[in-house]
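Take this structure first; my questions come after.
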Amino acid sequence: MPARFTAFSADPITVARRLLGQRLVRVINGQRLAGTIVEVEAYLGADDAAAHTYRGRRTARNAAMYLPGGHAYVYFTYGMHHCLNIVCGKADEGVAVLLRAIHPTEGLKRMHRNRPSAKRETDLCSGPAKLTQALAIDRSLNEIDMCASRSLFLERLRSRALPPSRILCTRRIGVDYAQEWADRPLRFLIKDTLWASRGR
DNA sequence: CCCGTGATTTAT
DNA sequence: TAAATCACGGGG
């Protein structure tokens with residue numbers, strides 16, 4: 001079996017930066033729901049105290065993170081929220097990028113129906129669990145291959161990556177328990193975007 | 001600021 | 001088996 005190589009086979013920091021400006025597409029009941037990725041976070045695997053794969057942990061929940069790059073890791077948390085990651089690297093590295101916000105561009109009416117609490121368009125997909133709710137992404141999509149799926153995949157909008165001058169890099173959100181790893185600059189967002197999560 | 005909410009993880 | 005945790009969102 002030849003080793004698989006995709007755009008997601010790189011390290012998670014490289015993939016995170018490349019994902020900004022690409023379009024995330026969800027097709028459900030024949031309808032396209034889509035938006036431009038504006039905010040992501042890299043999770044670096046066994047060394048990263050904020051990662052679900054910290055210290056090489058392998059559990060039923062995080063098994064998808066050990067698949068080869070390009071697979072989806074969807075997990076359920078706080079009794080009500082789903083978060084979507086794209087696995088990076090080679091099999092068994094346990095590294096991924098969390099999708100934290102998109103600028104919604106297609107299927108907005110349907111997204112509003114999926115997320116009745118969102119008052120404004122800027123509330124629709126401006127957080128990791130907001131975007132999964134708007135796009136109807138749940139654990140049924142865990143472990144799918146986003147390079148092959150017709151239900152959840154990416155489309156490249158630009159052939160070139162965004163220039164570094166248009167990318168802002170900060171500490172990650174909501175991982176204070178990870179101490180010094182919480183301060184590492186592993187969150188990437190498009191500078192001046194109106195569509196990112198308001199960091200807490 | 002606090003709380004819901006329940007699967008998952010970790011401690012006993 | 002029991003307790004604690006949680007890559008969050010919404011409402012004051």
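Note that these values count all heavy atoms, side chains included, but never hydrogens, waters or copies made by symmetry. Chain letters run A, B, ... following the sequence lines, proteins first and then strands; every chain starts at 1.
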Could you run down nucleotides 5-12 of chain B 5' to 3' and tag each one B, S or - for protein heavy-atom contact under 4.0 Å?
BBSSSS--
Could you give the CG-to-P distance, from A:D183 to C:dA7, as a whole number of Å?
17 Å
Can you list the steps and then say if A:R26 with A:L84 is a side-chain contact (heavy atoms from CB on, under 4.5 Å)?
CA-CA 12 Å; A:R26 166 84 168 121; A:L84 168 65; over 6 Å; no
For DNA chain B, what residues of residues 36-51 of chain A have any heavy atom nearer than 4.0 Å?
none
Can you pull out the residues from residues 113-120 of chain A that lie within a 4.0 Å heavy-atom distance of DNA chain C?
A:R115, A:S117
Partners meeting side chain to side chain donor-acceptor pair (under 3.5 Å) with A:W195 (sequence neighbours left out):
A:H103
Where at least one partner belongs to residues 137-149 of chain A, residue pairs that pass salt bridge (Lys or Arg N to Asp or Glu O under 4.0 Å), sequence neighbours excluded:
A:R4-A:D145
What is the distance, rounded to the nearest whole Å, between atom CG of A:D138 and atom C1' of C:dC8?
17 Å
Would you find a donor on one side and an acceptor on the other, under 3.5 Å apart, between the side chain of A:T132 and the backbone of A:H82?
yes
Rounding to a whole Å, what distance do you find between A:H81:NE2 and C:dA7:P?
12 Å
Provide the closest heavy-atom pair for A:C125 versus A:M111 in the form atom of the first, atom of the second, distance.
SG-SD, 3.8 Å
Give each stem of DNA chain C as a range with a range, requiring at least 3 consecutive Watson-Crick or G-U wobble pairs whose two distances are under 3.5 Å.
B:1-4 with C:8-11, B:6-11 with C:1-6
If I pick the P atom on C:dC6 and the same atom on B:dT12, what distance separates them, to the nearest angstrom?
16 Å
Checking A:R171 now: which residues fulfil side chain to side chain donor-acceptor pair (under 3.5 Å) with it, not counting sequence neighbours?
A:D176, A:D183
Do A:K130 and A:Q133 have side-chain heavy atoms sitting under 4.5 Å apart?
no
Output all residues satisfying side chain to side chain contact (heavy atoms under 4.5 Å, CB included) with A:P163, sequence neighbours left out; order by chain, then residue number.
A:S165, A:R166
Any residue meeting side chain to side chain donor-acceptor pair (under 3.5 Å) with A:T53, in chain and number order, not counting sequence neighbours:
none
Rounded to whole angstroms, how far apart are CG on A:D123 and P on C:dC8?
17 Å
Nearest whole angstrom, please: distance from the C1' of C:dC8 to the NZ of A:K130.
9 Å
Just checking A:R172: base, sugar-phosphate only, or nothing, at a heavy-atom cut-off of under 4.0 Å?
nothing
Please report the distance separating the P of C:dA7 from the corresponding atom of B:dA11, rounded so that it comes out in whole Å.
15 Å
Run the numbers on A:R17 and A:L162 for side-chain contact (heavy atoms from CB on, under 4.5 Å), then give the verdict.
CA-CA 8 Å; A:R17 300 183 72 105; A:L162 281 184; over 6 Å; no
With sequence neighbours left out, what residues match A:R18 under side chain to side chain donor-acceptor pair (under 3.5 Å)?
none
Residue pairs involving residues 82-93 of chain A (criterion salt bridge (Lys or Arg N to Asp or Glu O under 4.0 Å); sequence neighbours excluded)
A:R58-A:D92
Residues 32-52 of chain A side chain polar contacts: donor-acceptor under 3.5 Å, at least two apart:
{"unit_1": "A:R32", "atom_1": "NE", "unit_2": "A:E106", "atom_2": "OE1", "d": "2.8"}
{"unit_1": "A:R32", "atom_1": "NH1", "unit_2": "A:E155", "atom_2": "OE2", "d": "3.0"}
{"unit_1": "A:R32", "atom_1": "NH2", "unit_2": "A:E106", "atom_2": "OE2", "d": "3.0"}
{"unit_1": "A:R32", "atom_1": "NH2", "unit_2": "A:E155", "atom_2": "OE1", "d": "3.1"}
{"unit_1": "A:E39", "atom_1": "OE1", "unit_2": "A:S197", "atom_2": "N", "d": "2.7"}
{"unit_1": "A:E39", "atom_1": "OE1", "unit_2": "A:S197", "atom_2": "OG", "d": "3.0"}
{"unit_1": "A:E39", "atom_1": "OE2", "unit_2": "A:R100", "atom_2": "NE", "d": "2.8"}
{"unit_1": "A:E39", "atom_1": "OE2", "unit_2": "A:R187", "atom_2": "NE", "d": "2.8"}
{"unit_1": "A:E39", "atom_1": "OE2", "unit_2": "A:R187", "atom_2": "NH2", "d": "3.1"}
{"unit_1": "A:E39", "atom_1": "OE2", "unit_2": "A:S197", "atom_2": "OG", "d": "2.9"}
{"unit_1": "A:E41", "atom_1": "OE1", "unit_2": "A:Y43", "atom_2": "OH", "d": "2.7"}
{"unit_1": "A:E41", "atom_1": "OE2", "unit_2": "A:I173", "atom_2": "N", "d": "2.8"}
{"unit_1": "A:D48", "atom_1": "OD1", "unit_2": "A:A50", "atom_2": "N", "d": "2.9"}
{"unit_1": "A:D48", "atom_1": "OD1", "unit_2": "A:R172", "atom_2": "NH2", "d": "3.0"}
{"unit_1": "A:D48", "atom_1": "OD2", "unit_2": "A:L44", "atom_2": "N", "d": "2.9"}
{"unit_1": "A:D48", "atom_1": "OD2", "unit_2": "A:R172", "atom_2": "NH1", "d": "2.7"}
{"unit_1": "A:H52", "atom_1": "ND1", "unit_2": "A:Y73", "atom_2": "OH", "d": "2.7"}

